[in-house]
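Beneath this line is the structure, given in structure tokens, with notes to follow.
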Amino acid sequence: MNVMINDVKAKSRNFTVPLITITLLFFMWGFITCMNDILIPYLKQLFSLTFFESMLVQFCFFGAYFIGSLIYFLISTTQGDPIDKVGYKKGILFGIFLAALGCVLFYPAASFASYGLFLGALFILGLGFTVLQITANAYVSLLGPEESASSRLNMTQAFNAFGTTIAPVLGGHLIFELFSAPDGSFSAAATKIPYLIFAGILLLVALLISRVKLPDFQVKGGEIVKGFGALQHNHLKFGVLAMFCYVGGEVAVGSFIISFLEQPQVMNLSEVVSKNYLSLYWGGAMIGRFLGAISLNQSISQGKKALYMLGAAAAVFLVIFSIVDLTFAQISFFLVFIALNFVAFFIGKAAPARTLSIFAAVNVVLLISAMLNHGEMAMYSILGIGIFNSIMFSNIYTLAISGLGKYTSQGSSLVVMAILGGAIVPIFQGYLADVFGVQHSFIIPVFCYVVILIFGAYCTKYLGHVKQDAEAKSGH
């Protein structure tokens with residue numbers, strides 16, 4: 001990657017402390033993002049919304065990613081990359097402050113019991129996370145060799161998934177139980193205290209990051225990159241589409257899990273019980289990302305990989321079991337998905353593109369099963385999608401920006417712009433759910449994962465040729 005560290009001494013410095021600090025941030029924004037899955041059924045009942053109307057939660061939140069990334073991209077093409085001017089640290093701090101402001105705005109939204117104000121607060125919160133996505137993901141990819149970027153991102157994304165695993169249980173308890181009305185009915189005031197707490201924690205993380213010395217990266221020679229040069233790379237353009245489909249598919253499935261499990265032909269569960277299964281969905285992503293961080297690390301031998309992956313899977317499974325309010329018998333089916341995940345990783349042979357295609361293919365099969373079956377089989381199928389979503393964000397992101405050099409940040413903003421999929425896809429699925437029912441509406445994510453499968457196959461071939469050409473030119 002065509003970047004350099006400002007401070008010469010930082011070239012030889014260990015990146016462990018910066019990576020741990022940024023990982024803490026990933027955890028927190030994963031937690032708050034997953035709270036949307038709790039807000040959707042909560043606000044749907046509070047304001048008597050249709051499925052389509054309740055999906056405006058995701059539309060405003062993830063729509064902010066598109067607006068924020070578009071603004072960033074336009075600035076970078078006319079004035080030069082903003083992050084190269086202010087630095088990654090200031091960019092990250094700005095994103096945290098903006099996200100904290102969005103959390104604080106939940107207080108007036110709850111005070112006036114206004115759905116419009118809730119959506120406005122979510123939009124500001126989404127803008128803050130947009131800045132973090134552009135800065136923090138690219139920053140993690142720079143904290144070490146390019147060939148291990150997918151492994152590092154999978155590790156930080158694993159802690160992001162840890163936040164999404166805890167959120168349904170803890171957040172659901174706060175809103176559905178602890179801060180609900182005395183008679184047990186839903187009240188807008190239930191969101192006041194939780195989101196003020198989230199704002200406070202974000203500000204504490206900002207304080208920590210401000211005190212930690214982070215290495216500074218910039219384009220070689222301090223060159224200001226203007227124009228639309230990033231768009232000359234076909235794999236980036238395809239990667240933008242793949243990211244749109246991935247985030248859209250993941251968010252749509254997560255948004256509908258509680259409603260799906262409430263269906264009489266599926267499990268007929270209440271929100272209080274369903275939130276625990278929602279944690280399993282996101283917990284699966286956490287397991288898969290820890291396994292991905294190990295599997296995609298090419299410096300580890302196959303024998304050690306198997307041992308490390310087995311230990312990581314067991315440890316994370318026990319963590320999830322301790323979090324959710326479910327018996328071992330109720331979550332034991334997940335062991336089958338962990339075993340299947342192991343097989344998929346070893347078939348992928350540590351190749352990010354090939355592994356991406358395999359995981360997408362599995363999710364297509366699981367979604368079709370969820371649509372055609374009833375009862376526990378339908379529930380198991382929909383929950384198993386999470387563990388195979390695990391490596392998709394990291395792999396799509398690193399594959400899309402691979403080899404962009406001076407256009408890396410610009411390309412990153414385009415990939416983050418594609419998180420718009422989280423706003424658009426759930427809206428379409430919400431419309432289908434109103435017309436044809438929740439179960440049949442999952443045909444929308446099926447198409448999303450088919451696109452990801454094709455992108456993985458494309459990168460397997462395209463980036464393989466690029467590597468061969470580079471080796472031929474270098475004489476190897």
Side-chain angles (χ1 to χ4, degrees), residues 26-27 30-31 33-38 40 58 154 157-169 171-172 245-261 266-267 274-293 312-313 316-317 319-321 323-324 326 330-345 355-356 358-371 376-396 422 425-426 429 442 445-446 448-449 452:
F26 271 74
F27 165 80
F31 183 99
T33 297
C34 190
M35 283 297 299
N36 290 357
D37 294 340
I38 297 297
I40 287 170
Q58 303 292 29
N154 269 298
Q157 288 288 336
F159 284 94
N160 181 274
F162 184 39
T164 62
T165 303
I166 294 175
V169 176
C245 291
Y246 159 68
V247 179
E250 181 185 55
V251 171
V253 173
S255 298
F256 275 94
I257 281 180
I258 290 179
S259 297
F260 181 74
L261 298 182
V266 181
M267 295 299 292
S274 295
K275 64 179 174 58
N276 291 289
Y277 285 103
L278 178 60
S279 276
L280 280 184
Y281 172 74
W282 293 111
M286 177 171 60
I287 292 174
R289 284 168 184 166
F290 275 116
L291 298 185
V316 178
F317 181 80
V319 169
I320 295 172
F321 178 61
I323 292 172
V324 298
L326 297 170
Q330 288 175 306
I331 69 170
S332 58
F333 72 90
F334 221 70
L335 295 173
V336 175
F337 288 113
I338 294 175
L340 186 58
N341 200 246
F342 263 78
V343 173
F345 269 121
T355 306
L356 180 65
I358 294 169
F359 278 38
V362 172
N363 274 356
V364 169
V365 173
L366 289 175
L367 279 166
I368 293 173
S369 174
M371 292 171 60
E376 290 185 341
M377 182 59 71
M379 178 180 73
Y380 295 160
S381 298
I382 210 71
L383 296 179
I385 292 168
I387 196 169
F388 292 98
N389 276 338
S390 55
I391 51 87
M392 289 188 181
F393 183 96
S394 303
N395 287 22
I396 293 172
V425 175
Q429 187 169 346
F442 283 98
V446 169
C448 291
Y449 288 108
I452 297 167

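Any value given below was found using the heavy atoms of this structure, including those in side chains, with hydrogens, waters and symmetry copies removed. Note that this is a predicted model, so its numbers are computed, not measured.
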Non-neighbouring partners of F388 that pass ring pair (Phe, Tyr, Trp, His ring centres under 6.0 Å), sequence neighbours left out: F359
Y281: ring pair (Phe, Tyr, Trp, His ring centres under 6.0 Å) partners, not counting sequence neighbours: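 Here no residue qualifies.
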Taking only residues two or more places apart in sequence or in another chain, which ones pass side chain to side chain contact (heavy atoms under 4.5 Å, CB included) with [X]?
| X | value |
| --- | --- |
| M371 | F442, I443, V446 |
| I320 | T165, L280, M286, I287, V316, V324 |
| A167 | F31, C34, M35 |

From CA spacing to verdict: side chain to side chain contact (heavy atoms under 4.5 Å, CB included), Q330, N276: CA-CA 11 Å; Q330 288 175 306; N276 291 289; over 6 Å; no
Under 3.5 Å donor-acceptor pairs involving side-chain atoms of residues 331-343, not counting sequence neighbours:
{"unit_1": "S332", "atom_1": "OG", "unit_2": "A329", "atom_2": "O", "d": "3.1"}
{"unit_1": "N341", "atom_1": "ND2", "unit_2": "I387", "atom_2": "O", "d": "3.4"}

Step-by-step ring pair (Phe, Tyr, Trp, His ring centres under 6.0 Å) determination, F27 to F162: CA-CA 6 Å; F27 165 80; F162 184 39; 5.5 Å; yes
[Y] side chain reached by [X] side chain, heavy atoms, under 4.5 Å:
| X | Y | value |
| --- | --- | --- |
| I258 | D37 | no |
| N389 | Y449 | yes |
| N395 | Y246 | no |

At their closest point, which heavy atom of [X] faces which heavy atom of [Y], and how far apart are they?
| X | Y | answer |
| --- | --- | --- |
| I391 | G288 | CG2-O, 3.9 Å |
| S369 | S381 | OG-OG, 2.7 Å |
| L291 | A312 | CD2-CB, 4.3 Å |
| C448 | G249 | SG-N, 4.2 Å |
| G30 | T164 | O-CG2, 3.1 Å |
| M379 | V266 | N-CG1, 4.4 Å |

Set of side-chain hydrogen bond (donor to acceptor under 3.5 Å, both in side chains) partners for S390, sequence neighbours left out: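 side-chain hydrogen bond (donor to acceptor under 3.5 Å, both in side chains) list for S390, sorted by chain: empty.
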Any residue meeting side-chain hydrogen bond (donor to acceptor under 3.5 Å, both in side chains) with S259, in chain and number order, not counting sequence neighbours: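 Partners of S259 under the side-chain hydrogen bond (donor to acceptor under 3.5 Å, both in side chains) test: none.
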Interatomic distance, K275 atom NZ to I38 atom CD1 [nearest 0.5 angstrom]: 7.5 Å
Within residues 331-340 or reaching into it, pairs that qualify as salt bridge (Lys or Arg N to Asp or Glu O under 4.0 Å) - sequence neighbours excluded: none
Pairs where residues 245-261 contributes a residue and the test salt bridge (Lys or Arg N to Asp or Glu O under 4.0 Å) is met, not counting sequence neighbours: E250-R289
Candidate pair I396 and I452, rule side chain to side chain contact (heavy atoms under 4.5 Å, CB included), full reasoning: CA-CA 9 Å; I396 293 172; I452 297 167; 4.2 Å; yes
Side chain to side chain contact (heavy atoms under 4.5 Å, CB included) between L367 and I382, worked out: CA-CA 6 Å; L367 279 166; I382 210 71; 4.0 Å; yes
Ring pair (Phe, Tyr, Trp, His ring centres under 6.0 Å) evaluation trace for Y380 with Y277: CA-CA 10 Å; Y380 295 160; Y277 285 103; 8.6 Å; no
